[in-house]
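Since the structure comes first, as structure tokens, the remarks are kept for the end.
So that the names make sense, note that chain A is the first sequence line, chain B the second, and so on, each numbered from 1.
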Amino acid sequence: MRIATWNVNGLRARQDFVLHWLRERQPDVVGLQELKLTDEQFPVDVFEAEGYSALTHGQKAWNGVAILSRKPAEVLQRGLPGQEDFGARLVSARIEGLSFTTVYCPNGKSVEHEDFPKKLAWFAALAEHFEQVADAAEPTVLCGDFNICPGALDSWDEARHAGHIFHTDEERARLARLFDWGFVDVFRDRYPDTQEFSWWDYRGGAFHRGHGLRIDFLLATPSALGRVHEVFIDRDYRKKKDGLTASDHAPVVADLD
DNA sequence: ATGTCGGAATTATTCCGA
């Protein structure tokens, strides 16, 4: 089973690009983030024609998440309990015995902004949700755009950004609570010393200059992690394809037995 | 160039968020 996560930065603008990727990479289950459309606007028929059912949790203009699946998927949750006012950011499903959740975590904007403490509270609610309703002994995947660099290796310039947004101890402590519960960062587990990024700013030629961050993850409980035989960040799909504009995020992909 | 995108509000330009 091939699973993936991808912040597409607007599905209406990215639809043809996403189809290109699906045909090329042939994933079985995909968590999508930043759809920027409502459930009514989601092009269900387009993905069904490609062999995928879609479970969506969208809203007008901003945020929005979905799960595409080639296998039967039963929705478990739409929205993070208690945090619905902060946008449509979570959807989860049970797919062939795997609990699969995808999230678009709040950005926070800057440590001085009012969204920053709200971001921290959102992460606390996310950890609490898993502590309350999930079982770390079960095969479980939590994937998405976390908008946090877990460590110095995950930033193109930790020294410059330390203490700033995506690089604070407070944000890293909120991620640590998810790790304490039982999640493992699949890419970092397999490649402890490799610097790779999943997001590059559109501005300033950041992609070509190597100015990126690793903020998109596949997290897995040990029983799911044990099934992983490969994981990669699909950097090639951060580039234009057939004249189509890429998202500012690359997909993250893992192959499970 | 605080440099690019996507989307909304409003109707070709400006704003907001990332």
Side-chain angles (χ1 to χ4, degrees), chain A residues 5-21 31-43 46-47 56-66 80 83-90 102-123 126 143-150 154-157 160-161 163-168 170-171 174-175 197-217 233-252:
Chain A
T5 180
W6 195 7
N7 178 324
V8 298
N9 188 24
L11 187 60
R12 281 170 288 180
R14 209 70 59 217
Q15 180 176 305
D16 291 344
F17 196 93
V18 171
L19 292 176
H20 192 294
W21 177 79
L32 299 175
Q33 306 92 40
E34 245 194 310
L35 304 176
K36 299 186 177 181
L37 44 67
T38 63
D39 291 337
E40 292 71 30
Q41 292 171 311
F42 192 97
V46 170
F47 291 102
T56 67
H57 182 48
Q59 68 176 86
K60 184 181 176 184
W62 310 115
N63 308 310
V65 287
L80 179 58
Q83 295 290 135
E84 291 89 348
D85 291 349
F86 210 2
R89 298 178 179 275
L90 180 148
T102 193
V103 286
Y104 175 48
C105 303
N107 178 295
K109 297 187 178 71
S110 73
V111 294
E112 299 84 10
H113 196 280
E114 62 178 7
D115 278 7
F116 186 69
K118 286 171 66 182
K119 176 182 188 174
L120 299 179
W122 191 92
F123 271 95
L126 181 64
C143 65
D145 173 3
F146 287 77
N147 276 320
I148 299 175
C149 282
D154 302 307
S155 175
W156 68 275
D157 193 341
R160 174 199 287 225
H161 295 108
H164 293 97
I165 196 73
F166 300 173
H167 300 71
T168 67
E170 294 98 319
E171 290 164 298
R174 297 315 184 279
L175 267 189
F197 305 132
S198 65
W199 173 85
W200 297 259
D201 201 307
Y202 280 124
R203 295 168 290 187
F207 182 73
H208 296 286
R209 298 162 82 127
H211 294 180
L213 305 174
R214 194 177 70 90
I215 56 176
D216 301 87
F217 320 127
I233 300 177
D234 203 350
R235 189 178 181 283
D236 191 48
Y237 272 86
R238 178 59 179 75
K239 305 173 185 173
K240 272 190 161 47
K241 285 282 173 201
D242 302 343
L244 300 169
T245 302
S247 170
D248 45 356
H249 295 253
V252 185

Can you tell me how far [atom2] of [N] sits from [atom1] of [X], to the nearest Å?
X        : N      : atom1 : atom2 : value
A:His164 : B:dA18 : NE2   : C1'   : 18 Å
A:Leu11  : B:dG6  : CG    : P     : 12 Å
A:Arg203 : B:dC5  : CZ    : P     : 11 Å
A:His211 : B:dT4  : NE2   : P     : 16 Å
A:Asp201 : B:dA18 : CG    : P     : 13 Å
A:Asp115 : B:dC16 : CG    : P     : 14 Å
A:Leu35  : B:dG7  : CG    : P     : 10 Å
A:Phe116 : B:dG17 : CZ    : P     : 18 Å

Residue [X], side-chain heavy atoms: nucleotide from [options] that is nearest:
X        : options              : value
A:Arg209 : B:dA18, B:dG6, B:dG3 : B:dG3
A:Tyr202 : B:dA8, B:dG7, B:dT4  : B:dT4
A:Trp62  : B:dC16, B:dC5, B:dT4 : B:dC16
A:Lys36  : B:dG3, B:dG7, B:dA18 : B:dG7

Any non-hydrogen side-chain atom of [X] less than 4.5 Å from a side-chain atom of [Y]?
X        : Y        : value
A:Lys36  : A:Asn9   : yes
A:His20  : A:Tyr237 : yes
A:His211 : A:Phe197 : no

Please report the distance separating the [atom1] of [N] from the corresponding atom of [M], rounded so that it comes out in whole Å.
N      : M      : atom1 : value
B:dG3  : B:dA18 : C1'   : 15 Å
B:dA1  : B:dG6  : P     : 25 Å
B:dT10 : B:dC5  : P     : 26 Å
B:dG17 : B:dA12 : P     : 24 Å

| So, A:Asp234 and A:Trp21: side-chain donor and acceptor under 3.5 Å apart, yes or no? | yes
A:Trp200 and A:His208: aromatic ring centres closer than 6.0 Å? no
With a 4.0 Å cutoff (strictly under), does any side-chain N or O of [X] reach OP1 or OP2 of [N]?
X        : N      : value
A:Arg14  : B:dG6  : yes
A:Lys109 : B:dG17 : no
A:Lys60  : B:dA9  : yes

**OP:** For the pair A:Asp16 and A:Lys241, find out whether any cationic side-chain nitrogen is under 4.0 Å from an anionic carboxylate oxygen.
**Re:** no
Assign each of A:Arg12 and A:His249 the nucleotide of DNA chain B bearing its closest heavy atom; nearer the 5' end lies the nucleotide of A:Arg12
By nearest-nucleotide position on DNA chain B, the 5'-leaning member of A:Ala246 and A:Trp199 is A:Ala246
message = Counting the atoms with a prime plus P, OP1 and OP2 as sugar-phosphate, which does A:Tyr104 contact under 4.0 Å by heavy atoms, base, sugar-phosphate, or nothing?
response = sugar-phosphate
